[in-house]
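Since the structure comes first, as structure tokens, the remarks are kept for the end.
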Amino acid sequence: MSEIPTELRYLSSHEWVRVEDGVATVGITAHAQEAMGDLVYVETPEVGTTLAAGDEAGVVESVKAASDIYTPVSGEVIEINDALEDAPETVNSDPYGAGWMFKIQVADEAELENTLTADEYQAQIEDE
Amino acid sequence: MANRTALYVSHLQAGAKMVNFGGWDMPINYGSQIEEHNTVRGDAGMFDVSHMTVVDVTGPASQAYLQRLLANNVAKLKTPGKALYSGMLNVDGGVIDDLIVYNMEGWYRLVVNCATREKDLAWMDTQSAGFDVTITERPDFAMIAVQGPNAIAKTCAVVGEPKADVIRSLSVFQGLPADDWFIARTGYTGEDGLEIMVPDAQVAGFWQQLLEGGVAPCGLGARDTLRLEAGMNLYGSDMDETVSPLCAGMGWTIAWSPEDREFIGRNALEQQKADGVAFKQVGLVLETRGVLRGHQKVSVLNVGEGEITSGTFSPTLGYSIALARVPLATADSAQVEIRGKLHEVKVVKPPFVRNGKQVF
């Protein structure tokens, strides 16, 4: 069973989000990277873009398939993980750490209520 | 429940991620598909290919039968054990399957795809009417493909004599019996290596010996990127019963001479040639970001449109490659639509990689 840290929140589309000091860091879950296999490209949003919760924020491509990434919260993109351009495999090896994808200045923390807890996400992937 | 090969438990022990493939539970990878790919290009990897269907054709008319059944001509096989790649066509010239046939001296051994097993056997049976042949499936054989520049040396080191002696004697594209095994210097990766048929009861032990001898287990994921880099077709993706071998890069596998050899599909193919073949198979290379995938549309300026038949990221080259069926007049560039955006691609002649090196 893939790791699902309890302190994070999740989307059913397999993104995780961590909010600290009003900034949300977003990546894809261990389960997602495992299902996709070796990642070969990560396309992140541009810094300065304003996104609404649920918007498409980028794309991850593995040898096998391409998959859209969605943002769990609304706000302005303030930082992206440049290192993934040359080392997309970091998402495979450290999905919740060095494999983070982008950071958003959170417009409304109440939106996190719409995301899944670790238990809820776990229940969802067990149903898949 | 899906079929399981005699190596099912070995796969689980090696940490395989299993998927259903043509009705079989098969390993897709054992951790990292790209690492497995690179191991085959640089060292030696092994694949369980026991799901492939082995069929023996025996009897006094076996040569005449296969000369009718197959688009390539088994009479070319003069040397004992020599192998031939061929399409098996329907009367309209569509590809029922692609296969390897070995000359067993007086009879022949065929290896056909797993997903096409039932229709292949039914077709072979129907077409055998009037020929004095016996067609025998060999489900008692498991098969391991050991591939890579060190594959032969590492295999010889674990099989012992006299099998190692047989292996060393093999020329490329030749297979010979060794005790109750059948060892062929063939493969689906673009590297040197072996495909070894072993009775089910012995195969787990042999797999373990190879593992201890430094041969890495590799899954179907790596098998697909390796064959695509090698420019080899995958049945069901790059061609099927609706596709002419002349449009699928298989022209070289059709033996037109002698002119009086009436193989199934010949009339249809001759008609296609007379009418003019509209499409051809090419390789595509995308050197910028993005991954080419099957079914993406290919546009060729002032010429027309085609389609990618299989595409992937090439671990050896570090960018994406594809096989595509495009209009005959396509020159050296085209555009591919990926998620609504057009990308420029180079049009090249496959293969992309042979023996670890770029070759286009």
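Labels below follow one simple rule: chain letters A, B, ... track the order of the sequence lines, proteins then strands, and each chain is numbered from 1.
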### Test log, rule salt bridge (Lys or Arg N to Asp or Glu O under 4.0 Å), inputs B:R41 and B:E229
CA-CA 11 Å; B:R41 286 277 176 255; B:E229 285 185 352; 2.8 Å; yes

### Task
Grab the two heavy atoms, one from B:A2 and one from B:N20, that are nearest each other, plus how far apart they are.
CB-ND2, 3.6 Å

### Task
Check whether any side-chain heavy atom of B:E287 lies under 4.5 Å from a side-chain heavy atom of B:L317, and answer yes or no.
no

### Query
So which residues of residues 8-29 of chain A are in contact with chain B at a heavy-atom cut-off of under 4.5 Å?
none

### Query
Checking side-chain hydrogen bond (donor to acceptor under 3.5 Å, both in side chains) for the pair A:E120/A:Q124: CA distance, chi angles, key distance, verdict?
CA-CA 6 Å; A:E120 288 164 342; A:Q124 180 205 300; over 6 Å; no

### Message
Please output the residues of residues 48-66 of chain A in contact with chain B, using a heavy-atom cutoff of under 4.5 Å, in numerical order.
### Response
A:V59, A:E61, A:S62, A:V63, A:K64, A:A65, A:A66

### Task
Examine whether an atom of A:E43 lies under 4.5 Å from a heavy atom of chain B, and if so say whether it belongs to the side chain, the backbone or both; otherwise answer neither.
both

### Message
Checking side chain to side chain donor-acceptor pair (under 3.5 Å) between B:Q335 and each of B:H343, B:K297, B:E344, B:E305, which is the one that passes?
### Response
B:E344

### Query
Can you check whether B:Y235's main-chain N or O pairs, donor with acceptor, with B:N233's side chain at less than 3.5 Å?
no

### Message
Please give me the minimum heavy-atom distance between B:T312 and B:S320, naming the atom from each residue.
### Response
O-OG, 2.8 Å

#### Entry: B:D98 side chain near B:Y85 side chain, heavy-atom distance below 4.5 Å
yes

### Query
Can you name the closest pair of heavy atoms from B:V40 and B:C218 and give their distance?
CG2-SG, 3.8 Å

#### Entry: Region of B:T225 in contact with chain A, defined by heavy-atom distances below 4.5 Å
side chain

### Query
Given B:H37, which of B:D224, B:N29, B:T316, B:T189 fulfils the side chain to side chain donor-acceptor pair (under 3.5 Å) condition?
B:T316

### Message
Among B:S10, B:P27, B:S50, which residue satisfies the side chain to side chain contact (heavy atoms under 4.5 Å, CB included) criterion with B:T5?
### Response
B:S50

### Message
Which atoms of B:R293 are under 4.5 Å from chain A, going by heavy atoms: the side chain, the backbone, both sets, or neither?
### Response
side chain

